[in-house]
Amino acid sequence: MLKELGMKAKKAAALLTSATSKQKNDALINIGNALVDNADYIIEQNKIDLENGRKAGLNEGLLDRLMLNLDRIKGIADSCAQVAELDDPCGIVLEEVTRPNGLLIKKVSCPMGVIGIIYEARPNVTADAACLCLKSGNAVILRGGKEAINSNIAIAEVMRSAIEKSGLPIDTVQLVTNTDRESSTALMTMNDYLDCLIPRGGKALIKAVVQNSTVPVIETGSGNCHIYVDESADIDMASKIIFNAKTQRIGVCNACESLVIHSSIINEALPIIKKKLDEKNVEIRGDKRALTACPDIKAASEDDFAAEYLDYIISVKTVDSVEEAIEHINANSTGHSESIITQNNDNAMKFMQRIDSSSVYHNASTRFTDGGEFGLGAEIGISTQKLHARGPMGLRELTTTKYLIFGNGQIR
């Protein structure tokens with residue numbers, strides 16, 4: 001089954017290399033329109049997944065990731081349109097040189113070929129990943145989790161039909177419908193067919209792919225995102241930013257999971273922050289000095305400071321300097337997104353330079369770490385590694401390069 005998908009994907013990828021920008025953009029617009037036109041069908045299938053998820057005991061954060069409604073489907077369609085409006089990342093001449101022997105050498109961007117995506121309970125990934133891969137000239141094999149299988153099948157059916165009607169290969173997008181662990185493991189060793197594998201999900205999934213894949217992997221990390229409230233912070237600003245970063249959507253990787261607060265301001269700041277978080281009944285787990293500042297919060301364990309909760313829970317660590325904040329965050333972060341709230345520009349620059357994460361903010365919410373917010377259109381994921389791609393991955397990160405050499409009879 002997977003070998004057959006791989007063979008079809010290779011054939012589709014070969015044809016996509018000659019697809020024009022207009023053909024790809026027309027397909028993306030058709031996909032977006034088809035998703036909205038078939039929203040009732042997709043939502044009906046999504047309700048089956050949600051009900052199964054509740055029966056399986058999925059927490060509120062995971063159910064939020066799983067849920068589709070008309071607004072979210074329209075958002076996915078808007079992302080398709082945004083990607084269509086972006087410049088084609090393929091065929092760009094990155095370097096050009098004429099050698100002394102007369103050879104004209106051009107380094108140009110080109111598709112990777114066939115990309116595999118392994119992901120969990122995020123049906124929007126099915127569409128987002130497919131659209132980015134299509135625009136960048138890649139065929140894609142999608143393998144979602146069992147929690148979203150009915151939603152994924154519905155979305156994939158709609159997209160494949162729209163792609164075929166656009167005149168591009170229907171197998172540009174394929175979905176693995178077998179959600180057994182064996183199908184995931186098999187994808188990790190499909191070197192003959194996959195040029196790249198991208199995992200999107202929790203720590204366990206990402207770790208399994210990184211450790212077991214023989215296909216080259218782009219690692220998209222989980223998000224233990226921190227916000228550091230410095231001693232010169234505007235507390236009202238801090239409380240609003242933290243409320244947004246923690247509660248706007250709890251089930252996303254750029255949500256704030258950990259607070260770090262300077263000891264000189266914690267007695268004033270934490271009660272104000274807690275009052276704001278109480279609006280959403282957020283559970284706060286703090287160290288000893290945080291408990292002194294707010295006796296009615298819960299005591300934190302060491303594990304809390306490295307946790308990605310994906311829930312209405314947040315940890316609080318007290319520090320005595322920006323240097324200690326940086327050390328604590330670098331030790332516990334997943335390398336995703338961190339923010340400093342401060343009026344001290346020197347501390348802000350020190351924090352932004354020394355924090356080892358893909359996205360570092362000054363006086364802003366970590367929720368902005370997103371391909372759309374960064375102007376990339378939809379994103380394939382947030383890379384927390386350092387080779388090839390880091391941070392929100394858009395179209396350029398789904399291309400590679402090749403050299404085109406033009407001669408007139410040169411021999412060596």
Side-chain angles (χ1 to χ4, degrees), residues 59-61 203 222-247 250 253-344 346-348 350-352 354-357 360-363 365-367:
N59 66 33
E60 190 171 349
K203 286 183 179 180
S222 54
N224 178 23
C225 301
H226 295 73
I227 293 180
Y228 167 52
V229 183
D230 192 31
E231 58 185 328
S232 67
D234 179 323
I235 297 175
D236 181 60
M237 176 196 290
S239 67
K240 291 175 180 176
I241 288 174
I242 291 163
F243 181 78
N244 172 264
K246 176 70 256 184
T247 70
I250 60 170
C253 59
N254 57 18
C256 175
E257 305 285 22
S258 301
L259 294 184
V260 182
I261 305 179
H262 196 283
S263 58
S264 67
I265 201 174
I266 192 168
N267 289 335
E268 180 184 2
L270 188 55
I272 294 172
I273 293 167
K274 181 183 182 301
K275 182 178 180 181
K276 187 67 176 174
L277 292 176
D278 281 346
E279 294 177 21
K280 293 285 188 176
N281 297 315
V282 176
E283 178 183 309
I284 300 176
R285 300 177 183 178
D287 61 12
K288 289 182 180 179
R289 287 187 285 183
L291 285 166
T292 300
C294 274
D296 53 344
I297 67 174
K298 293 190 176 182
S301 68
E302 281 302 313
D303 290 341
D304 281 307
F305 299 125
E308 183 186 28
Y309 298 113
L310 303 176
D311 203 347
Y312 288 101
I313 306 171
I314 197 167
S315 68
V316 179
K317 173 71 174 180
T318 312
V319 297
D320 295 320
S321 66
V322 64
E323 289 82 8
E324 186 181 351
I326 292 167
E327 182 179 357
H328 172 80
I329 292 171
N330 281 340
N332 292 279
S333 169
T334 55
H336 195 293
S337 301
E338 329 296 343
S339 182
I340 180 172
I341 314 301
T342 185
Q343 302 304 309
N344 185 318
D346 289 340
N347 281 358
K350 184 181 296 184
F351 184 91
M352 297 179 84
R354 290 173 54 185
I355 287 293
D356 188 20
S357 293
V360 188
Y361 296 82
H362 177 201
N363 290 343
S365 170
T366 57
R367 285 285 288 119

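Values below: every heavy atom of this structure, side chains too, minus hydrogens, waters and symmetry copies. For clarity, every value in this text was computed on a predicted model and none was experimentally measured.
Distance CD/Glu231 to CD1/Ile266: 13.5 Å, rounded to 0.5 Å. Put simply, OH on Tyr361 and OG1 on Thr366 are 7.0 Å apart, with the number rounded to the nearest 0.5 Å. Within the model, atoms CD1 of Ile284 and CG of Leu291 stand 10.5 Å from one another, a figure rounded to the nearest 0.5 Å. If you take SG on Cys253 and CG on Asn224, they are separated by 12.0 Å, rounding to the nearest 0.5 Å. Rounded to the nearest 0.5 Å, atoms NE2 (His362) and CD1 (Ile340) are 6.5 Å apart.
Ile273 places a side-chain heavy atom less than 4.5 Å from the side chain of Leu259. A heavy-atom distance below 4.5 Å is found between the side chains of Phe351 and Glu338. No side-chain heavy atom of Tyr309 sits under 4.5 Å from any side-chain heavy atom of Glu283. Looking only at side-chain heavy atoms (C-beta outward), Ser339 and Ile227 come within less than 4.5 Å of each other. Asp230 places none of its side-chain heavy atoms less than 4.5 Å from the side chain of Ile341. With a 4.5 Å cut-off on side-chain heavy atoms, Val316 and Arg285 do not count as touching. Between Ile297 and Leu270 there is a side-chain heavy-atom pair separated by less than 4.5 Å. When side chains are defined from C-beta on, Tyr312 does not count as touching Asn281, because their heavy atoms never get closer than 4.5 Å.
Salt-bridge formation is not detected for the pair Asp304/Lys317: no Lys NZ or Arg NE/NH1/NH2 atom is positioned less than 4.0 Å from an Asp or Glu carboxylate oxygen.
Scanning all heavy atoms of the two residues, the minimum distance from Ser264 to His262 falls at OG-ND1, 2.9 Å. Contact record, Thr318 with Arg289: O-NH2, 3.3 Å, taken as the closest heavy-atom pair. For the pair Ser357 and Ser333, the tightest heavy-atom approach, listed with the atom from each and the gap, is OG-OG, 3.4 Å.
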Between Glu308 and Thr334, is a side-chain contact (heavy atoms from CB on, under 4.5 Å) present by the stated rule, with each step listed? CA-CA 9 Å; Glu308 183 186 28; Thr334 55; over 6 Å; no
Does the side-chain contact (heavy atoms from CB on, under 4.5 Å) test come out yes or no for Asp287 and Phe305, once each step is laid out? CA-CA 10 Å; Asp287 61 12; Phe305 299 125; 4.2 Å; yes
Let me see the working for Lys280 and Lys246 under side-chain contact (heavy atoms from CB on, under 4.5 Å), right down to the final yes or no. CA-CA 10 Å; Lys280 293 285 188 176; Lys246 176 70 256 184; over 6 Å; no
Show the numbers, then the answer: is there a side chain to side chain donor-acceptor pair (under 3.5 Å) between Asn59 and Asp311? CA-CA 8 Å; Asn59 66 33; Asp311 203 347; 5.1 Å; no
For Glu257 and Ser315: C-alpha separation, side-chain torsions, deciding distance, then whether side chain to side chain donor-acceptor pair (under 3.5 Å) applies. CA-CA 7 Å; Glu257 305 285 22; Ser315 68; over 6 Å; no
Kindly determine whether Asp278 and Lys274 satisfy salt bridge (Lys or Arg N to Asp or Glu O under 4.0 Å), including the steps that lead there. CA-CA 6 Å; Asp278 281 346; Lys274 181 183 182 301; 3.0 Å; yes
Solution key, residues 232-242 side-chain donor-acceptor pairs under 3.5 Å, sequence neighbours excluded:
residue : atom : partner : partner atom : Å
Ser232  : OG   : Thr342  : OG1          : 2.8
Ser232  : OG   : Gln343  : N            : 3.2
Ser232  : OG   : Asn344  : N            : 3.2
Asp234  : OD1  : Asp236  : N            : 3.1
Asp234  : OD1  : Met237  : N            : 3.0
Asp236  : OD2  : Lys240  : NZ           : 3.2
Ser239  : OG   : Asp236  : O            : 2.8

Quiz: residues 324-331 side-chain donor-acceptor pairs under 3.5 angstrom, not counting sequence neighbours:
residue : atom : partner : partner atom : Å
Glu324  : OE1  : Asp320  : N            : 2.8
His328  : ND1  : Asn332  : ND2          : 3.3
Asn330  : OD1  : Asp356  : N            : 2.9
Asn330  : ND2  : Arg354  : O            : 3.1

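The residue from Ile250, Asn244, Ile314 that alone fulfils the side chain to side chain contact (heavy atoms under 4.5 Å, CB included) condition with Cys256 is Ile314.
In this structure, Glu279 places its CD atom where more than 12 heavy-atom neighbours from other residues, nucleotides or ligands lie under 6.0 Å away.
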